[in-house]
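Since the structure comes first, as structure tokens, the remarks are kept for the end.
One is the number of the first residue; the rest follow in order along the sequence.
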Amino acid sequence: MSTDQPPPGSDEPRDRDSSDPFAKQPRANGSPYGDHGDHGDHTAGPEPYAGMPPLAHLGRRLIARIIDALLIGIPVGLVVTAIAGGYDPIEGSARSTTVTLVYVLVYFLYEGLMLTRDGQTVGKKAMKIRVAMLENGRPPAGQAGWLRAGVYALPEIVPCCGFLFWLINVLWCTWDRPYRQCLHDKAAKTLVVSAVP
């Protein structure tokens, strides 16, 4: 018996779109959420609901954050330059502290509003990813969306250690398993998944 196409290799996921450079998902036993198998080891938290889309690739998540940072940072910088005649973010003056505070608060409001509405910021829409509640896959409406936005943005207000927390927070997803959550995801019980069905 012959077939027109050979079956995918054992190490090749069947649902991957080969035209997508970010399509490689961390998989174990065909699942983008790691290997839970029959080992009884569920210490990472609750399983995602059964219909959860694949996890978003870390590259897409990074590009989405860059898009959002520019979308907020450029207008805030232009307004501050027009009002105050410019600023130096490294000098540590009251002016630069005020600019940082304005940027952080605007970013917090932007992300909180966007996430609670449909689980996506402009950057996430562009990268075709979204934030989903771990328990049901829905957008983080209400408190969960605001908590996620707050844990991401607001620590930068704290001098010195705020940036350190922010850095650890955003890097956390590189070693977190099985859901690749940052600390703001863990706080809100969310994860970032593909928005493409």
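Residues Leu113 and Val102 share a hydrophobic cluster, clusters being chains of Ile/Leu/Val/Met/Phe/Trp/Tyr side chains in contact below 4.5 Å. Residue Val196 is not grouped with residue Val193 when hydrophobic side chains (ILVMFWY) are merged at heavy-atom distances under 4.5 angstrom, including chains of intermediate members. By the rule that hydrophobic residues join a cluster once side-chain heavy atoms approach within less than 4.5 Å of another member, Leu109 and Tyr107 end up as members of one cluster. Note on Leu147: it does not cluster hydrophobically with Val158, by side-chain heavy-atom contacts below 4.5 Å among ILVMFWY residues. In this structure, Phe163 is a member of the same hydrophobic cluster as Leu183, with clusters built from ILVMFWY side-chain heavy atoms closer than 4.5 Å.
Connectivity analysis of hydrophobic side chains (ILVMFWY, heavy atoms under 4.5 Å, direct or indirect) links Ile66 to Leu62, Leu70, Ile74, Leu78.
Side-chain contact between Val122 and Tyr110 is present, with heavy atoms from C-beta onward closer than 4.5 Å. Using a 4.5 Å cut-off on side-chain heavy atoms (C-beta onward), Phe165 and Val151 make contact. Using a 4.5 Å heavy-atom threshold, the side chains of Lys125 and Asp118 count as touching. Side-chain contact between Lys186 and Asp176 is present, with heavy atoms from C-beta onward closer than 4.5 Å. You'll find the side chain of Met52 stays beyond 4.5 Å of the side chain of Tyr179, heavy atoms only.
Shown here are the side chain to side chain donor-acceptor pair (under 3.5 Å) partners of Tyr103, two or more places apart in sequence or in another chain: there are none. For Asn169, the side chain to side chain donor-acceptor pair (under 3.5 Å) partners at least two apart in sequence or on another chain are His184. Checked against side chain to side chain donor-acceptor pair (under 3.5 Å), Lys189 has no partners two or more places apart in sequence or in another chain.
Once rounded to the nearest 0.5 Å, the distance linking CG of Leu115 with OH of Tyr152 reads 11.5 Å. Ile72 contributes atom CD1, which lies 9.5 Å from atom OG1 of Thr121 (distance to the nearest 0.5 angstrom). Distance check, rounded to the nearest 0.5 Å: NZ of Lys124 to CD of Glu111 gives 5.5 Å. In this structure, CD in Glu156 is found 8.0 Å from OG1 in Thr100, a value given to the nearest 0.5 Å.
Closest approach of Gly119 to Pro140, counting heavy atoms only: CA-CD, 3.9 Å. Nearest heavy-atom pair, Pro53 versus Ser194, reported as atom, atom and distance to 0.1 Å: CB-O, 3.5 Å. Considering every non-hydrogen atom in both Ala132 and Gly137, the closest pair reads CB-O, 3.6 Å. Nearest heavy atom pair, residue Gly150 against residue Pro155, reads O-CD, 3.3 Å.
Residue pairs satisfying the ring-ring contact (aromatic ring centres under 6.0 Å, His included) criterion with at least one member in residues 121-150, sequence neighbours excluded, are listed as follows: Phe108-Trp146. For residues 115-138, no pair satisfies ring-ring contact (aromatic ring centres under 6.0 Å, His included), with sequence neighbours left out.
Using modelled atom types, one side-chain atom of Gln120 and one backbone atom of Ile129 make a donor-acceptor pair closer than 3.5 Å.
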Worksheet entry | Full working for side-chain contact (heavy atoms from CB on, under 4.5 Å) between Asp185 and Leu191 | CA-CA 6 Å; Asp185 287 309; Leu191 68 165; 5.5 Å; no

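Screening His57, Arg60, Arg65, Arg61 for a side-chain contact (heavy atoms from CB on, under 4.5 Å) with Met127, the sole residue that qualifies is Arg60.
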